[in-house]
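Shown next, in structure tokens, is the structure this report addresses.
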Amino acid sequence: MQADHWLRVRPGTDGALALGLADLVLRRHGGDQEFLRAWTNGPLLVRDDDGRFLRADELTPDGVGHVVWDERGGRPEPYDTTRPAPAPQRFALRGTHRVRTRSGTVTCRPAFQHYLDAAAAWPLARTASVTGVDTGTLIAFADDLATSRAVSYATWTGVGQHVDATQTERAIATLYALTGCHDAPGGNVVLPQQPTTKVSLPPVPEQAAKTLGLAEHPLGPPASGWISARALCRAITEGEPYRVRALVSFGGNLLLSQPDPVRTAEALRQLEFGVHIDLFENPTARFADILLPANTPWEREGLRAGFEISQQAQQRVQLRPRMLDPLGESRSDLDIAFDLACRLGLGDEFFGGDIQAAWNHQLEPLGLTVDDLRAAPGGLDLPLPMRYRKYAGTTPDGRVTGFATPTGRVELYSQRLLDHGYSPVPEVDGPSTDPDFPLTLSCAKNGYFCHSQQRGLASLRKRSPEPLVEIGERVAADRGITDGDMVEITTRNAAVRMRARVDPGLHPDTVVAEYGWWQSTPDLALPGSDPLADGGQNYNLLVGDTAHDPISGSAPLRSTACEVRRTPTGTWSGPREFVVEASEEVTEDVRELLLRPADGGPLPEFRPGQHVTVADAGSPDITRAYSLTGAARGDDLTTYRLAVRRIEGGAFSPLVHRGLTAGARIRVTAPSGLFAIPVDHDQPVVLIAAGVGITPFLGHLETLGATGGSVPEVVLHYGNRNNRTHAFADRLRELAGAIPQLTVIDHYSRPAAEDVEGVHYSVRGRITADAVDEELIRRRARFYLCGPQEMIDDVTAGLKARGVPGFDIFAERFQVTPRNVEVPADATATVRFARSERELTWTRADGTLLELGEKAGLKLPNGCRLGQCESCAVTVLGGQVAHLVAPAEDLPDDQVLTCRAVPVTDVVLDV
């Protein structure tokens with residue numbers, strides 16, 4: 001949203017984009033000629049016959065270095081790139097030149113000419129067609145790039161996870177070289193480093209030669225000791241180039257982070273011995289013979305010399321203090337590695353297992369010790385000089401620093417690549433096409449989680465309950481997909497299912513799915529998934545690595561051909577007509593409705609505690625949300641139940657009590673909501689309800705009674721005034737008799753004369769946190785509250801005071817607390833819906849942000865429309881809003897409940 005230029009590039013075409021932009025920059029502006037001549041290998045002459053650099057000793061026996069063409073003199077000249085360039089303004093960058101050598105005349109061209117030709121293969125029209133970026137955007141960006149005095153760039157896995165990753169990275173890096181901004185103010189500056197003793201040394205040659213995948217990718221990551229999952233699995237299962245029999249893995253989750261997890265799982269099964277070290281168990285750890293507990297950064301010290309953010313940050317040397325003692329038998333990765341090394345007879349190389357001695361060895365050139373840093377827990381600053389363009393520095397003997405390349409210059413042309421059979425200049429092909437899979441699948445991180453971790457944390461999972469796949473409007477329309485539909489993504493490898501999010505801003509034929517999903521969240525009754533199951537949720541099942549980058553071995557994790565189809569789930573979108581099959585009085589103020597779909601169709605299962613939104617068929621604009629009170633699952637789910645408390649002066653509840661008799665028709669949305677109670681859990685569950693707040697818990701208990709569950713114990717504290725207001729009393733007694741692990745404790749605040757303690761109720765008075773058994777708190781029970789705001793606030797505060805963590809308490813409110821928001825009669829604001837690319841003018845008459853969007857035909861997420869369920873929460877990208885009700889304390893600052901909020905200033909919403 002803050003960019004001056006947005007190039008919506010098709011995944012897998014970044015190399016084409018970079019070369020096309022290079023062609024534009026060179027044609028329209030020429031690039032930084034001074035930098036190109038003096039600091040790239042562009043002037044070096046390349047022989048046409050073999051593609052190798054012409055050497056100076058091919059001209060004269062005593063020649064040193066390479067050869068350039070002197071444009072002014074019209075002759076070849078030797079050029080020793082270990083020295084500063086002499087008169088680089090005379091170096092030719094283009095053309096074809098005949099050069100007389102000691103062995104005859106050869107035809108040569110400058111390396112830059114080869115690069116120029118590679119860029120020229122991507123003219124404007126072709127670049128636009130392949131990348132999907134329109135020509136006007138390409139030209140505008142190329143002009144700004146070429147004329148900017150300070151340019152920096154950063155790339156990561158977005159361009160590194162494709163079948164042409166190496167040449168793509170080279171195409172981007174060489175495009176950047178055209179600006180001349182490397183290590184210049186405002187550019188990619190090489191920060192100074194503290195001169196610590198280096199301990200990460202390359203392995204001895206005989207060990208380096210054993211690196212898996214080195215023969216296939218001698219210039220790729222194996223050359224630095226890194227291996228691919230493909231090479232590891234091949235070594236385990238096929239013994240190529242030798243059999244790997246054991247694996248010690250520090251962290252990681254191969255089944256969720258690497259292509260073809262089925263193959264990876266089979267390789268892990270075939271290991272003779274496996275050890276995994278991690279904070280928590282994950283699917284990959286389940287294959288290990290031994291799982292060792294790693295501790296967190298707060299349970300150990302950590303040494304850092306320089307923080308790589310700025311010159312000032314690089315000056316800081318810190319020993320991060322330990323904040324708490326390690327839990328249980330957990331140890332740091334470093335501690336485990338040092339101990340293991342000593343037991344393997346490598347103690348001398350690992351300082352006898354003494355980590356502090358190792359750190360002191362690193363710190364010695366700085367004149368510091370670990371004890372010095374412990375005495376200064378905030379760290380110490382050691383001054384570092386800052387210089388730009390360090391590549392231009394020279395030594396006393398006249399040698400130039402240059403670049404860490406074979407030619408000592410930025411390599412627009414790589415002879416090393418040529419020698420291994422690859423293109424010496426950046427070269428990419430257009431994306432391959434597959435008529436059966438016409439879309440391009442990419443992936444993106446979910447901002448609430450780190451890779452495949454943390455989906456078991458309720459506080460995060462409630463913000464992102466399911467894996468999403470984003471698709472463009474045209475793709476959705478062509479396939480009959482609407483926002484929120486369950487879809488199946490298929491490739492030639494597998495199929496997975498995710499929830500669709502229609503994004504008008506997405507590239508038309510691109511699909512972007514989330515990866516890393518496997519964990520359940522029992523606290524929210526959200527299931528996990530088998531990462532090896534076809535049709536599950538593991539993105540990596542979709543990606544194979546048979547096709548991979550020939551140089552690096554990179555797999556197409558971010559550019560795989562796919563198709564997307566809507567998957568029937570039995571649920572529905574929008575309101576659906578139901579018939580009231582029965583209407584029964586539960587108490588004088590509570591009535592339960594039995595609802596059956598008017599179309600006779602089946603009903604989807606739901607999570608106990610979820611709600612539906614209902615409206616009278618004759619007044620569809622008046623809606624209310626009610627918890628479902630029947631069993632959430634079963635073999636033949638054909639009806640839903642809900643209970644409605646009569647509120648005098650209410651807009652909907654009096655209608656239910658007066659007019660919704662058998663045969664009446666109402667409109668009902670599909671079950672939704674984040675508040676859900678688990679029937680499967682390892683911890684006890686405590687339910688605390690007041691009045692009609694029993695309804696979500698009744699659905700939970702009905703489900704537990706009908707289908708069972710693994711929850712070890714359920715305790716219900718239910719508060720009412722007396723037996724006359726005690727809703728579902730008989731049914732709860734029946735459930736208590738049918739569910740062995742259920743205990744019901746009734747609280748009467750004002751018992752009637754006929755109420756007998758021990759018969760009609762258990763405790764006299766309102767529910768308080770003091771009523772909860774201390775043993776349940778000790779066992780880390782989960783607490784679920786539903787009732788008036790005052791009760792929820794009081795009980796929550798009391799539970800926290802007794803030591804219950806706030807993240808173990810979950811609440812559903814009857815009503816939210818209103819806020820007095822003064823909205824001037826003439827108030828207006830511009831509301832931009834970023835993904836929908838719509839901009840609307842809001843006035844006070846338009847109501848809430850949700851109402852504004854719906855009036856304009858936009859489909860926004862929503863649920864109860866009262867600010868309770870948070871189903872309508874969206875991210876605010878810019879501007880300020882005001883909530884008309886008090887939102888939950890854990891609602892992120894950058895989110896808004898659109899159903900109960902209005903703009904205060906102009907606003908940009910991520911929807």
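Predicted model only: the values in this text are computed from it and were never measured.
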CA sep, side-chain torsions, deciding dist, call: R832, D906, salt bridge (Lys or Arg N to Asp or Glu O under 4.0 Å): CA-CA 8 Å; R832 182 182 173 197; D906 292 345; over 6 Å; no
Derivation of the salt bridge (Lys or Arg N to Asp or Glu O under 4.0 Å) call for D183 and R387: CA-CA 9 Å; D183 205 22; R387 293 187 298 108; over 6 Å; no
Test log, rule salt bridge (Lys or Arg N to Asp or Glu O under 4.0 Å), inputs R170 and E411: CA-CA 9 Å; R170 293 198 70 234; E411 298 216 329; 5.8 Å; no
Derivation of the salt bridge (Lys or Arg N to Asp or Glu O under 4.0 Å) call for R463 and D890: CA-CA 10 Å; R463 303 297 170 197; D890 63 347; 3.2 Å; yes
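Residues D381 and Q315 have side chains that never bring a donor and an acceptor to within less than 3.5 angstrom of each other. Under the 3.5 Å distance criterion, with hydrogens and angles disregarded, no donor-acceptor pair is assigned to the side chains of T875 and D894. D164 and H162 are not linked by any side-chain donor-acceptor pair at a separation below 3.5 angstrom, with hydrogens and angles left out of the test. A side-chain donor-acceptor contact under 3.5 Å links N253 and T284. R558 and Q161 are linked by a side-chain donor-acceptor pair at a separation below 3.5 angstrom, with hydrogens and angles left out of the test. Judged by distance alone, the side chains of T166 and D549 do bring a donor and an acceptor atom under 3.5 Å apart. Side chains of T369 and D371: no donor on one and acceptor on the other come within 3.5 Å. Using modelled atom types and a 3.5 Å distance limit, the side chains of D143 and H29 yield a donor-acceptor pair.
Residue R8 qualifies as enclosed at atom CZ: its count of foreign heavy atoms under 6.0 Å is above 12. For CD of E34, the number of neighbouring non-hydrogen atoms (other residues, nucleotides, ligands) closer than 6.0 Å is 12 at most. The environment of F807 atom CZ is dense: over 12 non-hydrogen atoms of other residues, nucleotides or ligands sit within 6.0 angstrom. Annotation: Q89, atom CD; neighbour count of heavy atoms from other residues, nucleotides and ligands within 6.0 Å is above 12. The neighbour count for E329 CD, taken as heavy atoms of other residues, nucleotides or ligands under 6.0 Å away, does not exceed 12. Counting heavy atoms of neighbouring residues, nucleotides and ligands inside a 6.0 Å radius, atom CD of Q311 exceeds 12 of them.
Ionic pairing of E514 and K445 is not present here: no N-O contact between side-chain nitrogen and carboxylate oxygen is shorter than 4.0 angstrom. For the pair R300 and D335, the salt-bridge criterion is not met [side-chain N within less than 4.0 Å of a carboxylate O].
The aromatic rings of H361 and F351 sit tilted, their planes meeting at an angle between 30° and 60°.
Results of the side-chain contact (heavy atoms from CB on, under 4.5 Å) test with Y515 over C443, P467, S452 single out C443 as the only residue that passes. For the side-chain hydrogen bond (donor to acceptor under 3.5 Å, both in side chains) test with E301, the passing option among R322, R374, R320 is R374; the others fail.
Remark: side-chain polar atoms of E837 are not paired, donor with acceptor, to backbone N or O of F833 under 3.5 angstrom. Proximity of a side-chain donor or acceptor of T395 to a complementary backbone N or O of R399 within less than 3.5 Å is detected. Checked by atom type and distance alone, the side chain of N188 pairs as donor or acceptor with a backbone atom of Y153 at under 3.5 Å.
You'll find the ring centres of F91 and Y79 inside the 6.0 Å limit. Between W517 and Y539, the ring center distance fails the sub-6.0 Å criterion. In summary, the aromatic rings of F403 and H182 are positioned with their centroids under 6.0 Å apart.
Between P84 and G398, the closest heavy-atom pair is CD-O, 3.5 Å.
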